Structures are given as structure tokens and as C-alpha cells.
Amino acid sequence: MSPFQPILLSIAVVALVVALTALARRLPIPSPILQVLAGVALGFLPGVTVPELEPDLVFFVFLPPILWAAAFFTSLREFRQNARPIGLLAVGLVFATTAVVAIVSRMLLPDLSWAIAIAIGAIVSPPDAVAAAAVVSRLPVPRRVIVILEGESLVNDAAALVLYRTAVVAAVTGVFSLGASIVRFFIDAAVGALIGILVAWCVVQVLKVTKDSLAETLLTIAAPYLAWVAAESIHVSAVLACVAGGIFLRQHFSTVVSPTSRLQSRAVWDLIIFIVNALVFLILGLEVGPLLEQVPRDTLGSVLMAGVILSLVTIALRLLWVPVATVLPRKFSAEIRRREPEPNPKAVALVAWTGMRGIVSLASALALPLALGSGQPFPYRAEIILITMCVIMITLVVQGLTLTPIIKAFNFAPEVGHHAEERHARREALRRGAEALEDLSRESWADPAEVERIRRELRDRIQHDQHHERDHDTHRRLRVGVLKAERRMLIRLRNEGAISDETLRELEEELDHESVRVGAGDVR
């Protein structure tokens, strides 16, 4: 192999990701589906060798940043408010799916032991956070739906992995204890969450004394991997370690780093999650070819049929579970009816239909041991991996392709609650800023002219806020025109040699921040 081949391959993958993302924006097809199909096509190209995936490496590379970022950007208040529906999906539905899939698997493959059948159920039970977010996040969906789906994705992997590991141990050793498994579940969850909080607390202490924005950003990237390794080293839930750590860090992040660090960290994390998501789906597609080769040709058809049947089972069970779990608690509990808003039937249907499987299911299937404790090969290992890939591909393509038209057909009403909160927060922040200015104006070093200038700025911002709803579009268009003209003049001065590139960069950054503030961050 040429020493430059890995570099060229990396460049080709990056170029492919960029091209697919650009193409997805012009087609009514979610980018994850295009990335999976591209991975499949790459895997069948002559001369392309698909590397064998180490499951532990897949978990370690991809899951920590995905889970940490999802938790970091999750609203703790809204998570608490929706803890009941999140729990019913992330724990209740995972357990129900595992049980039903295990029963159906035994019917399709009678030679399966119950332990292996339960392992199959645990593998395909958790929907994938990456797949759902990649489709739903860009569409006009009610905020509560997004909160529930994000909350489910933060917890369901932990529930499924505990079931999976218990079932695999029982299959390998032939020993299973229901009571011990339940106790182990709660111990894994509690200790894993505690480790994540401890790691995040240590990160916060370091952030308090650092002054370098690059070092602070690097520390936030290292944190999820530290939490994952710490939890895995004592065999507790690394998933919940990342979830708890991300939530804890978010609650303190605004007070321990500078504005520059926050902007830089957000930009770097956006890039990381974009790359990780794209690689996840490319890898899923790349694995299709090798998996097909591992299954004997005479049984390939029956295995694929089993994968189709189990895919339909997982989809149908979620379609049944979500409305039942929504209606029954409200029917029997006056407290729930009083505390929670009446569910929107369209929102309930959307949650029920959003159940794509992804990288966690694939990595779990690949992590199946090669042999039992007796030394015999692990039964149906290749078939289980192929069934898992079938479930992933069918749910991703069928549900992923239909989500966009379904959401558009539902035509959800625009939400006003968030905008009301935003206006209230802006008014309170401006009011407190004005009070602070009056206090500072009495300091000996305060220049009266500067105080008056800032006072006028605050007045203008308050007046703009009062007329925000009515004049927002007009103000934005005017402000964007002015900012574009300023930016063009700076570029012209640089091109003429009147200012340096460094001066252009500094002044352009100021204009960029102002563009973001007026809601024109994507205008070129």
C-alpha cells in the first residue's frame, strides 16, 4: 500500500461527504440515506478494501461526542418536564421491543436459545439519535416532539446495552439471573451517571482557571472520551456517563468561559458532529457487502426475509406503543391531565413513526463474541449481523424517506411559546444592563460621553425589541444590506492595499457577530 493512500482516501471521503451534503440540500432525500447508499456503492467498487470494524473502537470513536453533544444542547428543564414520556420510550419501549423481537426471532429461527433471541431484541430495540436528528432537526416540528425524541435517544442506548450485555453473558456462560440483571441495570445507570458528573465537574474546575480559548475548546472535546473510558474501565454505563456529563457541563459552561471560547467551541463542535454523522452512515453502507459475503448463499434469502419481518415488527410495535402510552396514563391519572398539555395527535403520530435504527445497533451486533463458553462458534452470529443491517436499512430508508412529506403534510402550527420566552429574556437582560450602566457611570474612570453613547445604544435596542414582531423583517433586510455593504468595502480596502488581511479579519469578525445577532448568519 502506498504511504499516501490513507491520505488520499481521507480526502476522497471528505469530498464525498461535502458533495452528498450539497446534493441532499437540493433533493427531497435526507443526507443520511444518500450517505448510506454512497457507502454501499463504495463497498462494491473493485479494489476497495473494507476494513474490519472493531466494535469497541466504533463505540469509542463515534458515540461519546454524539451523546455528549446531544446532552449538552438538551434543555434540562424540558427534559424534566417530559421525563414520563421519555422514560416510557427510552426504557419501556426498549424492554417491550426486546421481548417481542425475541419471541418473533424464536419463531423464525427455532434453534435460537432464549438468551441469543433476547440479544437480537436488545440489538435492534434502540432508535438512533443521529438518524432522527439528521432528518427532524431541519423541519418545522413542535418543540415538544424534538425534546421527547432527543431525550429518548439519550437514555435508550443505555437500557438496550444493559439488556444486550446481560443476554450475551447468559448465552456464553449459560447462566442467567433476572434479579441480578435488574440490580445491575440500576447500578450501571447510577454509577455511570455519577462518573460523568464527576468528569464534567473536573472540567469545569479547569475551565475556571484557563485563559486560552483553544485549550478550553480542546478540553470540551476530550471530556466525553474521558467520561467514556472512566465508565468502561469499571464496567458501568458509559452512555449515561456521557449524557450526565454533557448536561452537567452545560449548566456551568456559560459562567466559566469567555464569549470567544463559547463561539469557537460551538463552531468546532458543529463541525465534529457533522463529520461524525456523515462517517457513521458511510460506514453503515460500507458494511453491507462484507455482511452479505459472510452468510451462506443457501440461507441468505431466509435471513433477509427474517430481517424484513423483524423490521416490520419494530415499526409496528412503536406505532402501537406510542399512542397507547400517551392515552392510558392520561386516562387513569388526573394529575397527569392537569400537569401535561393535551397531546397533539399529529405530534403523537410523528413520534410513533420516528424510529430509525443506526450505528449503536450495528456496533452491538458486530460486538457479538465469536464463540460460546464451551468453545463452539456463537450460533447465527453472521445471520444476526445481517438481520441487524436489514433492520437498519429498512427503517432508515422507509421511515427516513417518508418523514419529510409526513411533516409537511401535518403542517404544524408555528410555536409562539419560545418567542415569548425570548422576548421576556431579552427585556430583562436589557433592563439589568441599563441598571448596571447607571451604577458604573458613577465610577471615577467612567467617561460621561461613553456612558451616554452606550445609554443611547441600550435605548435603541429596547425600542427595537418593543417593535420586534412588527418590524422584524424590515429591520433585518435593512441591517443585512448595511452589513453587506460594509463587508464589501472592507474587502475592497484590503484588495487595494489600504488595510492588511489581519485588519480585515478583525473587522469582518465584528460584522459576522452582528449578522448572527440580527438573524442573518447564513446570508452571504
Side-chain angles (χ1 to χ4, degrees), residues 14 17 56-80 128-130 132-134 137 146-147 150-151 153-155 157-158 191-234 236-280 359-360 509 512-513 516-517 521:
V14 171
V17 168
D56 290 340
L57 183 63
V58 173
F59 276 130
F60 177 72
V61 171
F62 294 111
L63 277 189
I66 289 173
L67 293 167
W68 190 278
F72 186 88
F73 295 111
T74 293
S75 168
L76 183 59
R77 183 194 68 176
E78 292 175 320
F79 184 91
R80 288 171 175 167
D128 181 45
V130 178
S137 59
I146 296 176
V147 169
E150 288 179 345
S153 69
L154 293 178
V155 183
D157 291 340
V191 177
L194 185 62
I195 287 176
I197 292 173
L198 180 61
V199 169
W201 180 85
C202 293
V203 170
V204 169
Q205 304 313 306
V206 176
L207 290 175
K208 287 180 178 179
V209 298
T210 54
K211 301 298 181 184
D212 185 272
S213 60
L214 287 174
E216 292 167 352
T217 301
L218 182 60
L219 186 58
T220 65
I221 296 172
Y225 293 102
L226 293 174
W228 185 275
V229 171
E232 281 289 303
S233 63
I234 60 173
V236 296
S237 177
V239 171
L240 288 182
C242 289
V243 170
I247 292 175
F248 183 90
L249 181 62
R250 182 65 192 93
Q251 302 308 305
H252 299 82
F253 196 67
S254 297
T255 60
V256 295
V257 300
S258 66
T260 299
S261 289
R262 286 193 295 274
L263 288 169
Q264 184 170 272
S265 178
R266 180 63 183 264
V268 171
W269 269 101
D270 285 344
L271 179 61
I272 289 174
I273 297 303
F274 171 76
I275 294 173
V276 168
N277 288 352
L279 290 178
V280 163
I359 193 66
V360 174
E509 185 175 351
D512 290 341
H513 282 276
V516 172
R517 191 184 72 80

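Small disclaimer: the values here were computed from a predicted structure and weren't measured.
Applying the salt bridge (charged side-chain N to carboxylate O under 4.0 Å, His left out) test to every pair with at least one member in residues 213-234, sequence neighbours left out, gives these pairs: Arg165-Glu232.
Every residue two or more places apart in sequence or in another chain that forms a side-chain contact (heavy atoms from CB on, under 4.5 Å) with Arg80 is listed here: Leu76. For Ser237, there are no side chain to side chain donor-acceptor pair (under 3.5 Å) partners at least two apart in sequence or on another chain. Under the ring pair (Phe, Tyr, Trp, His ring centres under 6.0 Å) criterion, Phe73 pairs with no residue at all, not counting sequence neighbours. Every salt bridge (Lys or Arg N to Asp or Glu O under 4.0 Å) that Glu78 has, sequence neighbours left out, goes to Arg143.
Under the 3.5 Å distance criterion, with hydrogens and angles disregarded, no donor-acceptor pair is assigned to the side chains of Thr217 and Thr220.
To the nearest 0.5 angstrom, Ile275 atom CD1 is 11.0 Å from Asp270 atom CG. Here CD1 of Ile273 is found 11.5 Å from CZ of Phe62. Values are rounded to the nearest 0.5 Å. Here OG of Ser258 is found 8.5 Å from CD of Gln264. Values are rounded to the nearest 0.5 Å. The CG atom of Leu240 lies 12.0 Å from the CG atom of Leu194; values are rounded to the nearest 0.5 Å. Note that CG of Leu226 is 12.0 Å distant from CD1 of Ile221, once rounded to the nearest 0.5 Å. The line from CG of Leu263 to CG of Asp512 is 10.5 Å long, rounded to the nearest 0.5 Å.
Annotation for Val61 and Tyr225: closest pair O-OH, 3.0 Å, computed over non-hydrogen atoms. Between Trp269 and Pro65, the closest heavy-atom pair is CZ3-O, 3.6 Å. For the residue pair Ala223 and Val199, the shortest heavy atom distance occurs at O-CG1, 3.9 Å.
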Please tabulate, for the side chains in residues 241-251, all donor-acceptor contacts under 3.5 angstrom to protein atoms that are two or more places apart in sequence or on a different chain.
residue, atom, partner, partner atom, Å
Arg250, NH1, Ser254, OG, 3.2

